[in-house]
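Heads up, the thing below is written out as structure tokens.
Indexing begins at 1, ligand by ligand and atom by atom, following the structure's order.
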Amino acid sequence: MIRYIKGDLLGHIPTNPKAVSILAHACNCHGSWGGGIANVIRRKFPSTYSPYSRHCQDLGCDPSKLLGTSIVIPSESTDSGNIKGLPPKYIACLFTSDFSESSGEIVGYTEKAVKELLRQLEELRSEVSLESEPDGRLVVNMPKINAGIFNVPWEKTEAVLKKVEGVQFNVYVFE
Ligand SMILES: Nc1ncnc2c1ncn2[C@@H]1O[C@H](COP(=O)(O)OP(=O)(O)OC[C@H]2O[C@H](OP(=O)(O)O)[C@H](O)[C@@H]2O)[C@@H](O)[C@H]1O
């Protein structure tokens, strides 16, 4: 299920103030958050950049080992992107492209990475109170992933996200 919310993803506040919010974004395999929302996340949640970058280096920045996978990185409470009184946000990295993939390939990797993310979150929720809907479905907050620097028409990514069950996607639309 997709819910569109007008506004800045970084300003997301969960309905339950005790819940940990997941902010997901599309990542490359080079270990760089240079532009777009990745650069904003790097500035707002600096504690999450090294774990992302190290993860890429550890796998030799090898697209064949990274594309279609995801990692979840808890931010530090000292990161300026965290909101006072709320638990530190967790940043989810979806490895969807390495700049040489076609739109179709990016969409395929997006589906795999999102499903892997959900598997990780289902395990994590036994230890951490993750943001969820009243019916228990996990909530994943994201921008229109792939629709900027990765240059994939949003409708293609949207079609894939619509097929994923058991999760509520909050897609923030930055005006
Ligand atoms: N605060 C905000 N709240 C809500 N929505 C926001 C927003 N700020 C921007 N948007 C929108 O969010 C969509 C995605 O646009 P982006 O271009 O960011 O990401 P993308 O997924 O296409 O591409 C990933 C590569 O971008 C970087 O590349 P570099 O490092 O520079 O090489 C990464 O590292 C990857 O490699 C566009 O609709 C933006 O309008």
Single hit among Val114, Leu23, Leu121 for side chain to side chain contact (heavy atoms under 4.5 Å, CB included) with Val140: Leu121
With a 4.0 angstrom cut-off on heavy atoms, strictly below it, pick out the residues next to ligand 1 and order them by chain and number. Gly7, Asp8, Leu9, Leu10, Ala26, Asn28, Ser32, Trp33, Gly34, Gly35, Gly36, Ile37, Ala38, Phe99, Pro143, Lys144, Ile145, Asn146, Ala147, Gly148, Ile149, Phe150, Tyr172, Phe174
Is the distance from the ring center of Tyr52 to that of His25 below 6.0 Å? no
Geometric class of the His12/Tyr172 ring pair [parallel <30°, tilted 30-60°, perpendicular >60°]: perpendicular
Aromatic rings Phe99 and His30: how do their planes relate, parallel, tilted or perpendicular, breaks at 30° and 60°? parallel
Checking the side chain of Asp79 only, and the main-chain atoms of Gly81 only, is there a donor and an acceptor separated by less than 3.5 Å? no
Would one find more than 12 heavy atoms of other residues, nucleotides or ligands at under 6.0 Å from atom CD of Glu165? no
